[in-house]
Amino acid sequence: MSAILREIWEALGDVLRITFVDPVREGRPRPSGWARGLPAIAASVLVVYALIACAAIFADPLRQWGDLDSVPGFGYALPTLTIPLFLCGIVLSFALAHTAALHGWWWLRIALFVTGAWVTVVFSGSNLDKLMVSGGAYLALAVFTVIRSRREFVWWEFPVVATLVGVGMLAPQTGWAGQQGQQLSAIFLAVGPLGELTVPALLVAGSVPAQIVVTGAAASARRPVGMVLFWAGSAAALCWLAFATIRGFQSGAAELHPTAF
């Protein structure tokens, strides 16, 4: 019995190592090999992400402690305390996207500038004076993108891009003192285009569970096991299948309805 338990323990350890430990060890970020300035940029992103995550986790207390701002027609509301944080997150997200586009494909730059132009109009509130300020900032960003497009990444590109994006999006906010509804409306309208930019990352993240299952199954299948463990595992699997099937019939699970077969 001890030999079987030891073999089970070793098999589980090998599967966990191949499925989780080795991929993380080989694919984890290594800031020491990054270009100068990238670790600081990544740290700033992690800080903002952590703050936004905390705002989501503690949403109920934030709603109770402070005032709520809402926009008629949206059906959503945000605590007033979190609005500057979300504005910062939106500006930082577009600054990162534009910085990445400096050295990306030409169609990526066009897509980002179209998206940025739409968000600029949203944040300007269709005010011509504010739109001219934001448009000037984005025109400067376009010139900077053309100049830096064929050069290697340097650390000061991100501060320059972040400043231009911040001016383009936040300059119109200066005339909205006491008009939190305008800021909230701009946030909601900017989240849509920003969500479209996250689709590639979401597709990669969505493939992770399938990759874990395939890697774990392959690791289990490749590892040789003794016949005693094989038959014990097969018996346990059959017993669990029978137990789950019986419980499913008793609870009326739709998957076990006769028409589902």
Side-chain angles (χ1 to χ4, degrees), residues 27 29-52 84-176 182-183 186-205:
R30 292 176 172 83
S32 60
W34 292 356
R36 181 185 177 188
L38 279 181
I41 295 173
S44 65
V45 172
L46 288 176
V47 170
V48 174
Y49 181 83
L51 291 175
I52 293 177
L85 177 60
F86 284 108
L87 286 174
C88 178
I90 290 174
V91 172
L92 179 61
S93 299
F94 278 101
L96 290 170
H98 279 290
T99 304
L102 290 178
H103 311 286
W105 299 285
W106 62 268
W107 55 265
L108 179 61
R109 299 189 197 112
I110 294 177
L112 284 175
F113 270 96
V114 171
T115 304
W118 159 248
V119 175
T120 299
V121 172
V122 168
F123 273 74
S124 300
S126 301
N127 184 290
L128 182 59
D129 294 336
K130 297 177 180 179
L131 188 60
M132 290 180 63
V133 175
S134 300
Y138 258 84
L139 180 61
L141 181 59
V143 173
F144 183 74
T145 301
V146 173
I147 294 175
R148 297 297 306 174
S149 60
R150 297 185 180 276
R151 291 176 171 82
E152 295 293 331
F153 171 80
V154 290
W155 67 268
W156 50 264
E157 287 179 349
F158 177 72
V160 172
V161 172
T163 300
L164 293 174
V165 172
V167 171
M169 292 186 178
L170 298 182
Q173 308 285 317
T174 56
W176 286 353
Q182 296 286 350
Q183 293 179 334
I187 289 174
F188 288 147
L189 291 174
V191 165
L194 188 60
E196 295 175 0
L197 297 179
T198 64
V199 170
L202 292 176
L203 291 175
V204 174

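We use all heavy atoms of the structure for the numbers below, so side chains are in, but hydrogens, waters and symmetry mates are not. Please read all numbers here as calculations on a predicted model, not as lab measurements.
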Using side-chain heavy atoms (C-beta onward) and a distance below 4.5 Å, is T163 in contact with F158?
no
Verify whether one side chain among H103 and E157 offers a donor that lies under 3.5 Å from an acceptor in the other.
yes
Shortest non-hydrogen pair, L164 vs A137, comes out as O-CB, 3.5 Å
- Query: Can you check whether L102's main-chain N or O pairs, donor with acceptor, with R148's side chain at less than 3.5 Å?
  - Reply: no
- Query: Heavy atoms, side chains only, cut-off 4.5 Å: are F144 and V160 in contact?
  - Reply: yes
d(I110 CD1, T115 OG1) to nearest 0.5 Å is 11.5 Å
Which pairs of donor and acceptor atoms, one on a side chain in residues 30-41, lie under 3.5 Å apart (sequence neighbours left out)?
{"unit_1": "R30", "atom_1": "NH1", "unit_2": "E26", "atom_2": "O", "d": "3.2"}
{"unit_1": "R30", "atom_1": "NH1", "unit_2": "R28", "atom_2": "O", "d": "3.3"}
{"unit_1": "R30", "atom_1": "NH2", "unit_2": "R25", "atom_2": "O", "d": "2.6"}
{"unit_1": "W34", "atom_1": "NE1", "unit_2": "R30", "atom_2": "O", "d": "3.3"}

* To do: Determine whether more than 12 heavy atoms belonging to other residues, nucleotides or ligands lie under 6.0 Å from atom CH2 of W156.
  => yes
Applying ring pair (Phe, Tyr, Trp, His ring centres under 6.0 Å) to W105 and not counting sequence neighbours gives W107
On a heavy-atom basis, the closest approach of S149 and R109 is CB-NH2, 3.5 Å
Any heavy-atom pair between the side chains of F113 and L141 that's under 4.5 Å? yes
Closest heavy-atom pair, V167 versus S134, reported as atoms and distance to 0.1 Å, is O-OG, 4.5 Å
Practice task
Report the C-alpha distance between F94 and L112 in whole Å, list the side-chain angles of each, state the deciding distance to 0.1 Å, and finish with yes or no for side chain to side chain contact (heavy atoms under 4.5 Å, CB included).
Solution key: CA-CA 8 Å; F94 278 101; L112 284 175; 5.7 Å; no
When rounded to the nearest 0.5 Å, the distance separating CG of L85 from CD1 of I52 is 5.0 Å
Please check if the side chain of H98 supplies one atom and the backbone of V161 the other of a donor-acceptor pair under 3.5 Å. no
